[in-house]
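Reviewing the structure listed below.
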Amino acid sequence: MITTMSGDTSRLRATVDFVREQDTAGLLPLLLPGLDGPELRALVERCRFAHAALLLFPHDADQLHAMLTECGLTPDGPPRPSVVVRERLAVRHRRDPAGLDVGILRPAVTGPDGAHRTVEVFALTVAPGSGLEPVVAHEREHRHEAHLAFEVDQPDPLVLRGLCATLGRHGAVPDGGGYNPHENGTVFYFAAPDAAKTEYRRMELYAPGDHRDVLAAHLAEHRTRRPAEALLRLLTGAWTTQALAAFAQLRVPDALDTDRTTGVDALAEEVGATPRPLATLLRYLEMLGVVTSDQGAGGYRLTALGALLRTDAPDSMGPLALMYGGPFYRSFAALAHTVRTGETGFEHVFGENHFDHFARDPELADLFDRSMAAGSAMFEPLPTHPVLLAASRSPHPATVVDVAGGNGALLGRVLGVHPRLRGVLLERAHVVEAAREALAAHGDRCTYRVGDFADVPAGGDVYLLSRVLHDWDDDRCREILRHCAAAMPDHADLLVVERVLPADGSASLATAWDLHMMCNVGGHERGADHYGRLFADAGLTLVGRERLPLDGSVLHVRKAPVGEGLSGRPS
C-alpha cells in the first residue's frame with residue numbers, strides 16, 4: 001500500500017509541475033509537430049491549455065485526499081462521477097461499468113503569468129479484494145487516461161468541426177470521447193502522432209455544453225479510422241491556398257473589422273461579389289479561424305489571423321497570399337516535372353526563371369517585392385544582434401551593407417534602431433527605386449548601389465545577406481560569398497539570414513520551403529553544416545548561429561583567420 005501510494009504521488013507531483021510550466025502556444029507544436037503559422041495561431045485563438053490528466057488508484061477517499069495534500073493540491077469538492085473514463089475502462093477491460101467507481105477532481109494550479117489551470121485527477125477506487133489489480137497494473141503501464149486538455153472558448157458546431165479537422169491534418173487520430181451530463185460538457189479525445197515530442201500520447205478538446213451531434217461524427221471516425229478520409233483532408237490543402245488568395249484578391253479583409261460584424265449582403269456589395277458564393281467562402285474561412293461569425297446577426301468579422309491579410313496591416317501578408325495563390329500556385333503544378341527531370345517547375349510553366357519573369361511585368365515585380373516584405377517578422381530580433389550592437393557603439397559611424405536587400409525592409413529596421421549606423425543597399429535598378437521610397441525616412445544615412453553580386457561595395461563594417469543564398473545552387477552561392485569576402489575588410493562581419501534545415505529531421509518550415517525553392521525558384525534550403533562548407537570554400541568561417549522567428553536563423557560569419565585555406569583548414 002505504501003509503495004502504491006508513493007508511486008501515484010510521484011506521478012501526481014510530476015503532472016502538477018508540468019501544468020505549471022507549459023503554455024498553449026508552446027505545447028501544441030510538441031503534440032503536433034509541423035503545426036505552425038496560421039493554423040497554430042488559429043488554434044491558440046480558439047482554445048487554451050486547461051489541464052493535464054492522470055488516473056490514480058486510491059483504496060478510499062482518505063488515501064486520495066492524502067495524495068492531493070502531499071502535492072500541495074486543494075480538492076475542488078467531493079469527487080464527481082466520471083462517465084467517460086468509466087465507460088472507457090469498462091470497454092478496455094471487459095468489465096461491468098457498475099463495478100467501476102471512477103471519480104473526477106480538478107484541483108487548481110497556477111500556470112505561467114498567473115493562468116488558471118487544473119490537474120484533472122481520475123480516481124478509480126480499488127478496495128482490497130476488489131479484483132481490480134490486473135486493471136491497475138495495465139493502466140499504470142500504458143497510461144491510457146493520461147492526456148493534455150485544451151478548452152474551447154465559445155464553442156459552436158462549425159468551430160468544433162474545424163478544430164477537429166485541423167488536429168487531424170497534423171496527425172492526431174480520433175480516440176473516443178463522450179458527453180458528461182453531470183458537468184454538461186463534451187470531450188473529444190485524440191491520440192497524438194508518433195512524432196509527438198512529449199510523453200503525453202493523448203489530447204482532449206473540452207467544449208462546455210452538449211455537442212453530441214459533432215461528437216457522433218468524431219466517434220464514427222474513431223471507430224473506423226479510415227485512412228482514405230485522412231488522405232482526402234490532406235488533398236484539400238490547395239483549396240485553403242485558393243480560399244485565402246481569393247479573400248485577399250477581393251480585398252474582403254479591408255472591408256471587415258475585428259470588433260464589429262458585417263452582414264454578407266452589405267459585404268458583397270462593398271467588394272463586388274455575389275452574396276451566396278461569398279457566404280460559402282466565409283464559412284470555409286471561419287473553419288480555418290480567419291473570420292468568425294455572429295450567428296444571431298448573420299454577419300462576420302475578422303480574427304487576428306485574418307487581419308494579417310489587410311492591405312493596411314504592418315507587414316501585410318496579403319501579397320504573400322496573392323503570390324502563393326497566383327504565379328507560384330501555377331508553377332507548383334509542375335512539381336512532378338521537377339522531381340522527374342530536376343528542372344525548375346516555374347521555368348517549365350513560364351519559360352523563364354522567376355526573376356526575369358517578374359522583372360518583365362511591373363505589377364508582378366511589385367507583388368513579389370511586397371510578398372518578400374511580408375515575411376519580415378523574421379527580422380524583428382535581428383537589429384539587437386551583438387554584431388549590430390557593437391557596430392552602433394563604434395567610435396566612428398559604422399556602415400551596414402545589405403546585399404540584394406530587396407525593398408529595404410531589413411535595412412530600414414536596422415537603421416531605425418541604431419541612429420548612428422549608415423546603410424548601403426545593393427539591388428537591381430527597379431528595386432532600388434522602390435527602396436528609396438521605403439527608406440526615405442533615414443535620409444542621407446542610406447545610400448544606394450545599382451548592380452549585381454559582383455558589385456558588392458567594399459569597406460563596410462557589417463554585411464547582410466538575407467534570404468539570398470537559398471535562391472541559388474552551391475556553385476552560385478560560392479561565387480556570391482566570394483564577392484562578399486573580397487569586399488569585406490578583415491574586421492567586418494557577415495550576417496546570413498536563412499531557414500536552416502534541422503539536423504534531426506524534425507518538423508520545420510525550412511523543410512516546406514525546401515520543396516518550394518526546388519520547384520519554383522531553383523534553389524534549396526540547407527543545413528548548418530552545409531552552409532559551413534560553403535562559407536569555408538569562400539574563405540569565410542561560421543562563428544555563431546541564433547534563432548529567429550518563423551523558423552529562421554542568423555548565421556554569423558567572418559573572414560577565415562590568416563593561415564587557413566579556402567577549405568577552412570590550415571594551409
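Fair warning: this is a prediction, and the values are worked out from it, not measured in the lab. Both backbone and side-chain heavy atoms feed into the values below; hydrogens, waters and symmetry mates do not. Throughout, residue positions are numbered sequentially from 1 according to the sequence presented.
One finds the CG atom of D366 at 10.0 Å from the CG atom of D361 (value rounded to the nearest 0.5 Å). Summarising the geometry, atom CG belonging to L411 is positioned 4.5 Å from atom CG belonging to L415; distances are rounded to the nearest 0.5 Å. To the nearest 0.5 Å, atom CG of residue L534 and atom CG of residue D529 are 11.0 Å apart. L167 contributes atom CG, which lies 6.5 Å from atom CG of L163 (distance to the nearest 0.5 angstrom). Atoms OG1 and CG, from T258 and L302 in turn, are 7.0 Å apart once rounded to the nearest 0.5 Å.
Side-chain contact between I480 and L465 is present, with heavy atoms from C-beta onward closer than 4.5 Å. The shortest distance between side-chain heavy atoms of F247 and L285 falls below 4.5 Å. Residues V521 and H470 form no side-chain contact, since every pair of their non-hydrogen atoms from C-beta on lies 4.5 Å or further apart. Using a 4.5 Å heavy-atom threshold, the side chains of Y463 and L495 count as separate. In this structure the side chain of V496 never reaches within 4.5 angstrom of the side chain of V554, judged on heavy atoms. Two residues are said to be in side-chain contact when any heavy atoms from C-beta on lie closer than 4.5 Å; L244 and V290 meet this criterion. By the 4.5 Å heavy-atom criterion applied to side chains, S394 and D461 are not counted as neighbours. At least one side-chain heavy atom of T399 sits less than 4.5 Å from a side-chain heavy atom of V424.
Aromatic ring orientation, F328 versus H516: perpendicular (interplanar angle above 60°, classes split at 30° and 60°). Using bins of under 30°, 30° to 60° and over 60° for the plane-to-plane angle, the ring pair H524/H530 lands in the tilted bin.
Closest non-hydrogen pair, P489 versus K559, comes out as O-CD, 3.6 Å. Between G460 and H491 the shortest heavy-atom distance is O-NE2, 4.2 Å.
Remark: R251 CZ is loosely packed, at most 12 non-hydrogen atoms of other residues, nucleotides or ligands lying under 6.0 Å away. The local environment of CD in E352 is crowded, with over 12 non-hydrogen atoms from other residues, nucleotides or ligands closer than 6.0 Å. When the shell of 6.0 Å around NE2 of H396 is examined, it contains 12 or fewer heavy atoms from other residues, nucleotides or ligands. The environment of Q249 atom CD is sparse: at most 12 non-hydrogen atoms of other residues, nucleotides or ligands sit within 6.0 angstrom. Counting non-hydrogen atoms of neighbouring residues, nucleotides and ligands closer than 6.0 angstrom, the CZ atom of R330 reaches no more than 12 such neighbours.
Using modelled atom types, one side-chain atom of D156 and one backbone atom of L158 make a donor-acceptor pair closer than 3.5 Å. Not one N or O on the side chain of R46 forms a donor-acceptor pair closer than 3.5 Å with the backbone of V152. E498 places a side-chain N or O within 3.5 Å of a backbone atom of V468 that can act as its donor or acceptor partner. A donor-acceptor distance shorter than 3.5 angstrom exists from the side chain of H385 to the backbone of V387, with no hydrogens or angles considered. Judged by distance alone, the side chain of D402 and the main-chain N or O of G408 form no donor-acceptor pair under 3.5 Å. In this structure, the side chain of T24 engages the main chain of F49 through a donor-acceptor pair within 3.5 Å. A donor-acceptor contact shorter than 3.5 Å is absent between the side chain of R558 and the backbone of T541.
Each of F358, Y329, F332 was checked for a ring-ring contact (aromatic ring centres under 6.0 Å, His included) with F346, and the lone residue meeting it is F358.
Using a 4.0 Å cut-off between charged side-chain N and carboxylate O, D473 and R476 make no salt bridge. Between R533 and D537, none of the side-chain N atoms (NZ, or NE/NH1/NH2) sits under 4.0 Å from a carboxylate O, so this pair counts as no salt bridge. Between R526 and D474 there is a salt bridge, since at least one side-chain N of the basic residue sits less than 4.0 Å from a carboxylate O of the acidic one. Using a 4.0 Å cut-off between charged side-chain N and carboxylate O, D551 and R499 make no salt bridge. Using a cut-off of 4.0 Å between Lys/Arg side-chain N and Asp/Glu carboxylate O, R436 and E433 are scored as salt-bridged.
Using modelled atom types, one finds a donor on one side chain and an acceptor on the other under 3.5 Å when comparing E39 with H170. Judged purely by distance below 3.5 Å, without hydrogens or angles, the side chains of E343 and H348 never pair a donor atom with an acceptor atom. D493 and H556 share a side-chain donor-acceptor pair at under 3.5 Å. Judged by distance alone, the side chains of Y324 and S371 never bring a donor and an acceptor atom under 3.5 Å apart. For R545 and S553, the side-chain atoms include at least one donor-acceptor pair closer than 3.5 Å.
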Problem - R41/L308 under side chain to side chain contact (heavy atoms under 4.5 Å, CB included): CA gap, chis, key distance, verdict - result: CA-CA 11 Å; R41 288 192 292 271; L308 294 172; 3.7 Å; yes

Exercise for the section: Report the C-alpha distance between L27 and F150 in whole Å, list the side-chain angles of each, state the deciding distance to 0.1 Å, and finish with yes or no for side chain to side chain contact (heavy atoms under 4.5 Å, CB included). Expected result: CA-CA 10 Å; L27 192 52; F150 299 84; 4.0 Å; yes

Practice task
Quick one: do T511 and L501 satisfy side chain to side chain contact (heavy atoms under 4.5 Å, CB included)? Show the steps, please.
Solution key: CA-CA 6 Å; T511 305; L501 290 171; 4.1 Å; yes

Exercise for the section: Tell me, with the steps shown, if H483 and F453 meet ring-ring contact (aromatic ring centres under 6.0 Å, His included). Expected result: CA-CA 7 Å; H483 285 309; F453 295 113; 7.8 Å; no

Exercise for the section: For side chain to side chain contact (heavy atoms under 4.5 Å, CB included), just list the numbers for N353 and T344, CA-CA rounded to whole Å, side-chain angles, deciding distance to a tenth of an Å, and then say yes or no. Expected result: CA-CA 8 Å; N353 68 59; T344 303; over 6 Å; no

